[in-house]
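I have placed the structure first, in the form of structure tokens, so that the comments after it can refer back to it.
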Amino acid sequence: MKVLSFDEGLSRMAALCSVSEHCESEVREKLQKVAMPAADIQRIVDRLYDDDYLNTTRYCRAFSRDKLRFAHWGRIKIQQALRMKGLPDADIRQALNDLDEELGEEYRSILEEALEQKSRTLHDEDDYTRRGKLIRFAASRGFTPDEILDIIN
């Protein structure tokens with residue numbers, strides 16, 4: 001395996017980050033896979049922040065918007081995924097607040113659509129069992145109990 005030089009690593013990561021949003025942990029993971037020295041990884045990450053290729057606030061907003069729209073995740077699952085990436089809590093909270101402001105009604109319609117699709121797959125179930133399965137399904141997607149019960153009722 002060829003070890004990348006600092007300049008090669010920087011140019012590859014800058015190119016990657018200019019195409020789509022990435023976070024520091026993703027960049028570090030990619031550089032570690034090519035056996036780049038830890039000191040060079042830190043220098044590259046610092047440089048990417050300085051040149052605004054990496055921006056935690058922007059990444060949190062893009063990640064949360066994409067996971068809601070395309071993967072139909074709720075705010076709990078989005079929050080956990082962002083925490084697992086080691087992002088600051090303030091940026092995560094801001095992204096989730098922005099999600100509420102930008103997509104308030106769309107958020108609800110995504111949950112409604114997901115519950116409707118799941119409901120169609122449940123056959124020969126009594127109402128109590130169907131309701132429990134829908135609640136567990138939506139909870140596994142990261143929606144809060146209040147949001148789920150509001151729609152199911």
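No hydrogens, no waters, no symmetry mates; every other heavy atom, side chains included, goes into these values.
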Exercise. Sequence neighbours left out, what pairs pass ring pair (Phe, Tyr, Trp, His ring centres under 6.0 Å) with at least one residue falling in residues 6-48?
Key: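 Applying ring pair (Phe, Tyr, Trp, His ring centres under 6.0 Å) to every pair that reaches into residues 6-48, excluding sequence neighbours, yields nothing.
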Quiz item: Which pairs with one or both residues in residues 61-111 pass ring pair (Phe, Tyr, Trp, His ring centres under 6.0 Å), sequence neighbours excluded?
Solution: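 Pairs touching residues 61-111 that pass the test: Tyr59-Phe63, Tyr107-Phe143.
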Which heavy atom in [X] sits nearest to a heavy atom in [Y], and how many Å separate them?
| X | Y | result |
| --- | --- | --- |
| Thr57 | Asp91 | OG1-OD1, 2.9 Å |
| Ile44 | Gly9 | CD1-C, 3.8 Å |
| Cys60 | Leu87 | SG-CD1, 3.8 Å |

Listed by chain and number, what are the side-chain hydrogen bond (donor to acceptor under 3.5 Å, both in side chains) partners of [X], not counting sequence neighbours?
| X | value |
| --- | --- |
| Lys133 | Glu125 |
| Thr121 | none |
| Ser119 | Arg130 |
| Thr144 | Glu147 |

Which residue pairs pass the salt bridge (Lys or Arg N to Asp or Glu O under 4.0 Å) test when at least one of the two sits in [range], sequence neighbours left out?
| range | answer |
| --- | --- |
| residues 103-112 | Arg69-Glu106, Arg108-Glu112, Arg108-Asp150 |
| residues 134-143 | none |
| residues 4-13 | Lys2-Glu8 |

Practice problem: Flag yes if Ile76 and Leu82 sit in one hydrophobic cluster, no otherwise; membership is Ile, Leu, Val, Met, Phe, Trp, Tyr, and two members link when side-chain heavy atoms are under 4.5 Å apart. | Solution: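 No, because Ile76 and Leu82 fall into different hydrophobic clusters, even though each may have its own neighbours under 4.5 Å.
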Quiz item: Any luck finding a side-chain donor-acceptor pair between Asp46 and Gln42 under 3.5 Å?
Solution: yes
Quiz prompt | For Pro145, side chain to side chain contact (heavy atoms under 4.5 Å, CB included) partners two or more places apart | solution =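 For Pro145, no residue satisfies side chain to side chain contact (heavy atoms under 4.5 Å, CB included) once neighbours in sequence are set aside.
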Self-check item: For Asp66, all residues meeting salt bridge (charged side-chain N to carboxylate O under 4.0 Å, His left out), sequence neighbours excluded
Solution: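 With neighbours one apart ignored, the set is empty.
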Self-check item: salt bridge (charged side-chain N to carboxylate O under 4.0 Å, His left out) against Arg61, all qualifying residues, sequence neighbours excluded
Solution: Asp98, Glu102
